[in-house]
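Following: one structure in structure tokens, then a few remarks.
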Amino acid sequence: MIRNNRIDGGLIDRTKSLKFTFNGTEMGGHAGDTLASALLANGQRLVGRSFKYHRPRGIFSAGSEEPNAMVQLRHGAWQEPNTRATMAELFDGLHATSQNHRGSLEKDFLAINDRLSNFLTAGFYYKTFMWPKSFWEKVYEPIIRASAGLGRLSGEPDPDTYDKGFLHCDVLVIGSGPAGLMAALTAGRAGARVILADEDHLLGGRLNSDMQEVAEQAAADWAAATVAELVDMGNVRVMPRTTVHGVFDHGIYGLLERKTDHLASSGGKPRQVHWRVYAKRAILCAGATERPIAFANNDRPGIMLAGAVRSYANRYAVATGKHLAIFTNNDSGWQAASDLSAKGIAITAVIDTREITPPATIKGAALVMGGRIRDTAGRKSLTSITLTNGLTLPVDCLAVSGGWSPNVHLTCHLGNRPVWDDEIAGFIPGKSLPSGMSVAGAADGDMTLSAALKSGVAEGKAAIQDLGLPPAKTKAPDSNDEHFAVTPFWQVATPKRAWVDLQNDVTTKDIKQAQREGFQAVEHLKRYTTLGMATDQGKTSNVLGLAIMAEASDKTIPETGTTVFRPPFTPVTLGAFAGSARGKNFRPTRRPPSHNWATEKGAQFVETGLWLRAQWYPRSGETKWRESVDREVRKTRASVGICDVSTLGKIDVQGRDAATFLNKVYANGFAKLAVGRVRYGIMLREDGFCYDDGTTARLSENHFVMTTTTANAGLVYQRLEFARQCLWPDLDVHLISVTDGWAQYAVAGPNSRKLLQKIVDEDHDISDEAFPFMACGAVSVCGGKPARLFRISFSGERAYEIAVPTRFGDALVRVLMAAGEEFGITPYGTEALGVMRIEKGHAAGNELNGQTTALNLGMGGMVSKNKDSIGSTLSSRPGMQGEDTLQLVGLRPVKPADKLSAGAHFLDVGAAAKLENDLGWMTSVAYSPTMGHYIGLGFVKYGHIRQGEVIRAWDGVRGTDIEVEITSPHFYDPDGGLQRG
Amino acid sequence: MADYKLYGTSALGGYNADFEGATLKEVTGLGIVSVSAPLDGKPALTAAVKSAYGCALPKPALSVLSKDKSARLVSTQPDQFFILFDHAKPDAANHVAGLLGDAGYYTDQSDNWLTLALSGRLARSALERICPVDLGPEIFNVNASARTVMHHLGTLILRTGEDDYLLLSARSSALSFLHVVKTSVENVS
């Protein structure tokens, strides 16, 4: 039945009525409501089921600490589970459903668990489900998994978008209660760049729930006026609906801003923005969280935190019951009683655990000092409470206050441990705060309104002074203050279950059991009982659980310890961490200059790092990739083929000492490379292993252009810069990447020169005599366009690489294809490129894997002994020069029809497949259309003296065992006559 | 020889779009030349720049306009700066070398970069979603520059006016970079 529990006052906008549904029932609310306040206004007490026992649960708090009221919001793919009803702003058309029940919310079949509670105590899953062993995977685990969790995901991709961003400020103020507003005001008026962030949509914190006055105004009015002043300052950024969820090194804070969660639709804009904030100083003004007292059956709908009951009445104009009782161990319970009574809500009793003179008189209420609650009644809604003195009181709402815990969470994210403060019976921040952070207000133990206002000013001034800004003149406004006194009282002893952690169904029994079974350390307690886990991370339960463990262990709370708080403070949607980096936009894509043309030609593409390269170009009638690749290889070797090799790293090297520099970074000599010539080089790491290879061309006396492998372009550049800046700063050498600046095509095959002669301007002689193998130089093409020509070969054919400024890259590939038509030109992709380099025996990434030396690669002779270069000394270590060292060899199947596989290990014929018999491994294989069978490259021990021998290529993964003959790695044109022309 | 011609294409074909509060367009025909000062050659280069462009070398994290405002010199790293100027021909380095002589080492960077101009009252809001640099108007002043990373892509950002920015990023990833910037503009507009 829907009831209207609205009362007068509050900060809701009664002129804006909103409709929403809960479990299909239409209800009404107002702008300014949360889903929780609207549900309470409509008399909906039962909102969910507990995690383990499926006990009926109601709304417990009015903030982000809520452990009970988890609901699913929205429809279809937008459905989001585990949303705290206390944080969900009401909007017109909001669709909410309860979660964690089988059957209806009212009749949950799994409520049977409540009757099995004796079997579901702390650590039950560590003790049960152990027998029979075979049941674990097939029976127990599926059942547990089906029962676990609270809400349900939609199972569809998240249709919302998210964003990320970066903000910078002098002072980040976290929380907009009295301390936060004063801190922001103080820093803002002094001219500091301030960010004020609060998780609530309405800034003001406790001021919006207080009936006190600040500066002779209602607290909420003063808060609104102060926020307005801050918003008007150009140097203050006010961020409502923004949770500071984590503190990270170097003054970096993680903020989640909920942009459109309060709207029916995000309208195509990001739903949430995850900000990385760089703050010179931060002032934590996160307030404090009220905690409950443990007593029998203290989890019924209608039993709530006293501060929340007060907040619903004062801020949301909702009476959470018709007949309320207060159960408290501190003065704030009396403040709630006074406020509620003033609102005309009947207070049946105030039960204070303290044996003191009642701090106030509450009209019509029984005042029970030194009182205890023995039990409660009401399955789906509280109906009565029974005191230990035997008195039973018919109440429908019980407001409980067990004291307040400062919200120290963010002070702990970098390892600071909070310390116990007896005066407030709570943990306050320890002294090792994150660098640049200070704490003000209730978060620092300043529990009264005036103390919070003053500490906000003080910390604001301290931050300003620290930043070297002019002193601020801001003073804390006057306020009427409340009393704050607490006498710790944690639990009413009972043989029944008394809840500590409502979200995880952890009771005092569980904690005592953990203590008995040896799980007394706080971290063990957490894991054994699940205390403080899940979405609320024990905001209302941690201190209470710790206190009960301390009592059970006969220790003080400081002796017992505290848990470590880690980010995030409250749950963060995974989508917000991803931002817009989803799907194909997860990382950038680099496209070579011929990409558009290749797309037009129907090329198949392959991702090589960030690059998208043409893998092969299928022709009509070709149904298998090998047909295309074999054709491309054959036609290139028969006439001419072109391949976009722009992806290779290109580094411009200039300076008077450029040659000297190159001579130091390459293992082989470069000092005497003549102008107009190219040389192949290998680079070693300091440990003597090869890490990259490529060619470098000398364009003029002081000007070189280096190529690197595609994969290592960035790494080589980085290492060269290190060498230039740190190892040899006295050399005049300058580097800059030109990878993206030049479109470069390999033109390979016997007709390559004839093709190039059609486009290279006639005043450039590229005859073999004028432009021999390993020549290079600037030329012009197509009537004066600048180009560079290199006569180098990766395929083993007569070949060139021609480069033009990238703007001409698309045009050049089309020109080459048109000009090559008479030769039957073919474009070839990375597959054919790979086949031809294996046929030629050129090492590539599979061989240059960072674990191989020049000697392994058959290039030991290239490591010059006549100079010092990076890695040359350590490459001559005895262990790297042994006779048994691995040698790059070629492999061909003894039976030509056999298919080779990369990754196969080599064994002698007849040897068992054991590690001690391992001779090496196959690095690269390809079907060679030139040879007519598979060929491979690989490393074999003593490979250089075993050529002609037969060994086995054993592949345990693919289950093959093939006899192969060791050959030279140079299957094609081993003498190099073709490429030299 | 057949009459083969090479036409030039820009990275994004001259992308140009207006959004509410911002405009985003590809800057084409821009010559970009890196100039490196030889070891111990900074005084000579400074004098050559003063003579040719009428301005001093740009200080770190800043750019400076030539006296006739036809070129912008941008600090990029110690002893290196870029010169940006309208120059559609593929010989920008030669052009600069002709002005500065042998006072520096020159590399044509015109084809290495995609250049986007982002302008408008929401430009800064769009950038703060993708740019880690502090773009506070009093921090990142007009003519400020920074080398940074946006969405994993190396970027050179310049503030050229009150609400005007130039963003230079690698040409090969131009479409990805455009997606990043455009999405950010759309998100805030």
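Letters A, B, ... mirror the listed sequences (proteins, then strands); counts begin at 1. Everything numeric in this text was worked out from a predicted model, so none of it was measured.
The residue among A:P729, A:G809, A:S737 with the most heavy atom pairs within less than 4.5 Å of chain B is A:S737. No other option in B:D40, B:V133, B:T76, B:V188 has as many heavy-atom pairs under 4.5 Å with chain A as B:V133. When B:S36, B:S110, B:P90 are compared by the number of non-hydrogen pairs under 4.5 Å with chain A, B:P90 comes out ahead. Per-residue heavy-atom pair counts under 4.5 Å with chain A were compared for B:S184, B:S172, B:S176, and the maximum is reached by B:S172.
Taking 4.5 Å as the limit, some side-chain heavy atom of A:S580 sits within range of a side-chain heavy atom of B:H151. Using a 4.5 Å heavy-atom threshold, the side chains of A:P270 and B:R129 count as touching. At a threshold of 4.5 Å between non-hydrogen side-chain atoms, the residues A:V738 and B:Q109 count as touching. In this structure, A:L731 and B:L39 have side chains that are not in contact, with every pair of non-hydrogen atoms separated by 4.5 Å or more.
For A:K269 (side chain) and B:S189 (main-chain N/O), a donor-acceptor pair under 3.5 Å exists by modelled atom type. In this structure, the side chain of A:H168 engages the main chain of B:D134 through a donor-acceptor pair within 3.5 Å.
Between the OG1 atom of B:T9 and the CG atom of A:D810 there is a distance of 5.5 Å, given to the nearest 0.5 Å. The structure places CZ of A:F586 at 6.5 Å from NE2 of B:H152, a figure rounded to the nearest 0.5 Å. Taken from CZ in A:F808 to CG in B:D111, the straight-line distance is 7.5 Å, to the nearest 0.5 Å.
For A:S646, no part sits under 4.5 Å from any heavy atom of chain B, backbone or side chain. At a 4.5 Å heavy-atom cutoff, the contact between A:P786 and chain B is made by side-chain atoms alone. Using a 4.5 Å cut-off between heavy atoms, A:P593 does not touch chain B at all. In this structure, the portion of A:D730 lying under 4.5 Å from any heavy atom of chain B is its backbone and not its side chain. Within the 4.5 angstrom heavy-atom criterion, no atom of A:A743 approaches chain B. With a threshold of 4.5 angstrom between heavy atoms, A:V733 does not approach chain B through any atom at all. Of the atoms belonging to A:L735, it is backbone heavy atoms, and not side-chain ones, that fall under 4.5 Å from chain B. The contact between A:K259 and chain B is made entirely by side chain atoms (from C-beta outward), counting heavy-atom distances below 4.5 Å. For a residue to count as touching a neighbouring chain, one of its non-hydrogen atoms must lie under 4.5 Å from one of that chain's; by this rule A:L167 touches chain B with the side chain only. Of the atoms belonging to A:W742, not a single heavy atom falls under 4.5 Å from chain B.
The shortest non-hydrogen separation linking A:I759 to B:Y4 is CG2-CD1, 4.0 Å. Here the shortest heavy-atom pairing between A:V815 and B:L6 reads CG2-CD2, 3.8 Å. Contact between A:R193 and B:G136 at its shortest, heavy atoms only, is NH2-CA, 3.6 Å. The heavy-atom pair separating A:G741 from B:N112 by the smallest distance is N-OD1, 3.2 Å. In terms of heavy-atom proximity, B:R171 sits nearest to A:D740 at N-OD2, 3.2 Å. Minimum interatomic distance between B:P38 and A:R656 (heavy atoms only, all atoms of both residues): CB-NH1, 3.8 Å.
For the 3.5 Å distance criterion, the side chains of B:Y105 and A:D732 qualify, holding a donor opposite an acceptor. Of the N and O atoms on the side chains of A:Q654 and B:T107, at least one donor lies less than 3.5 Å from an acceptor on the other residue.
The side-chain contact (heavy atoms from CB on, under 4.5 Å) with A:P588 is formed by just one residue from the set B:L175, B:V180, B:L153; it is B:L153. A side-chain hydrogen bond (donor to acceptor under 3.5 Å, both in side chains) with B:Y7 is found for one member of A:R807, A:K785, A:R814 and no other, namely A:R814.
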